[in-house]
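Just so we're on the same page: letters track the sequence lines, and every chain starts at 1.
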2 protein chains.
Amino acid sequence: MSGYDVKCALETIVGHFWHESFGQIYPILRQLVAEGLATVDTERAAGRPERLVYAVTPHGTEELNRWLSEPVEHHQRPRHELLLKLFFGASIPRDITLGLVARRRQEVEALLETYGEIEAELLHDSVADDAARPFWLATLRYGQLTAQATLRWC
Amino acid sequence: MSGYDVKCALETIVGHFWHESFGQIYPILRQLVAEGLATVDTERAAGRPERLVYAVTPHGTEELNRWLSEPVEHHQRPRHELLLKLFFGASIPRDITLGLVARRRQEVEALLETYGEIEAELLHDSVADDAARPFWLATLRYGQLTAQATLRWC
DNA sequence: CTCGGCATGTAAGTGGTTACATGATTCG
DNA sequence: CGAATCATGTAACCACTTACATGCCGAG
């Protein structure tokens with residue numbers, strides 16, 4: 001993939017649980033090549049800009065699988081703004097606090113809807129290879145369950 | 001409170017949904033004074049270190065309440081390492097992926113237990129003033145519901 | 001001819017952590 | 001005596017975002 005492709009893939013496929021900016025992607029791709037974890041190839045096609053297409057090396061695959069097997073370390077430090085505001089809910093008018101929660105409810109309802117669309121795609125299409133599909137569905141299920149819990153909480 | 005007190009309060013009371021380091025707290029307290037949102041007072045008690053005790057001004061309270069009323073803007077950019085690893089679960093041995101999930105289950109089970117203890121404290125003690133208690137319980141309930149959802153997902 | 005998509009990159013800045021420096025006191 | 005707690009602060013560093021610079025192409 002090119003760096004641009006990586007960004008698109010990130011946004012469309014794993015966008016609900018991961019993100020990365022160009023400022024991160026481009027320097028890191030270069031670094032991966034320097035470390036022998038990937039190779040680059042310049043692609044020139046008529047009628048489109050030049051692309052730097054990266055491919056993972058065997059060593060890169062090895063390192064990736066090693067990382068995938070490692071226990072999850074970097075738990076995101078908690079910063080839940082809505083809960084913080086709610087914690088001090090006693091000092092502002094009731095209807096404003098209720099408004100904050102109502103807004104969140106709307107957001108999560110919309111989220112659940114898009115999750116439904118993603119589910120339909122995953123189930124009916126032959127998008128992913130069959131080996132990966134159950135895992136993709138598992139990440140989706142996580143989103144659905146926690147979103148439903150948030151909804152009940154609202 | 002002193003900066004030290006703020007850190008302790010953060011950790012013990014809202015630690016499950018917010019954090020702040022000393023490197024943030026001390027400079028910001030000073031800044032608050034410069035902006036007229038707080039005042040400082042040096043407290044010297046025999047047999048203990050000098051403390052800088054901060055107090056919020058009327059203007060500070062006003063600003064706080066304004067912020068509390070504002071809609072939540074800064075959603076944490078998603079970075080869910082477990083889901084990302086699971087997404088690529090097809091490329092590593094099954095038992096390793098299952099181990100990652102089992103580990104998460106244990107963590108969340110422990111979390112639910114501590115939530116239970118916090119609930120008991122909130123219900124039986126006269127810890128908080130009565131006006132704040134329902135809001136504190138609401139933040140707790142959020143943690144409990146999403147933790148239970150995560151558990152079911154595991 | 002402009003806008004949006006494709007494509008790469010960097011520089012400046014931000015937001016935050018970590019580690020360290022300092023020092024008093026209390027408790028085992 | 002050493003360790004833990006109370007207490008304040010800073011400097012170095014890191015991870016990351018934002019905004020910008022550049023340019024090509026096709027569609028409207």
Is a salt bridge present between B/Glu62 and B/Arg66, judged by a nitrogen-to-oxygen distance below 4.0 Å? no
Would you indicate what B/Gly3 reaches in the nucleic acid, counting non-hydrogen atoms under 4.0 angstrom: base, sugar-phosphate, or nothing? sugar-phosphate
Below 4.0 angstrom from OP1 or OP2 of C/dT8, is there any side-chain N or O of A/Ser2? yes
Ignoring backbone atoms, test whether A/Arg77 places a side-chain nitrogen or oxygen under 4.0 Å from the OP1 or OP2 oxygen of D/dA15. no
For DNA chain D, whose closest nucleotide is more 5', that of B/Cys8 or that of A/Glu20? B/Cys8
Touch check for A/Glu50, heavy atoms < 4.0 angstrom, all strands: base, sugar-phosphate only, or nothing? sugar-phosphate
Looking only at side-chain N and O atoms, does B/Ser21 come under 4.0 Å of OP1 or OP2 in C/dT17? yes
With respect to the phosphate group of D/dT8, does any side-chain polar atom (N or O) of B/Arg30 fall under 4.0 Å of OP1 or OP2? no
On DNA chain C, compare the nucleotides closest to A/Pro27 and A/Glu43; which residue's is nearer the 5' end? A/Glu43
Would you say B/Tyr4 places a side-chain N or O within less than 4.0 Å of OP1 or OP2 belonging to D/dC6? yes
Would you say D/dA15 has OP1 or OP2 under 4.0 Å from some side-chain N or O of B/Arg79? no
With a 4.0 Å limit, can you tell me whether A/Arg44 has a side-chain N or O closer than that to the phosphate oxygens OP1/OP2 of D/dC24? no
Check whether any side-chain nitrogen or oxygen of B/His19 sits under 4.0 Å from OP1 or OP2 of C/dT17, and answer yes or no. yes
What is the distance from OH of B/Tyr26 to C1' of D/dT10, rounded to the nearest Å? 12 Å
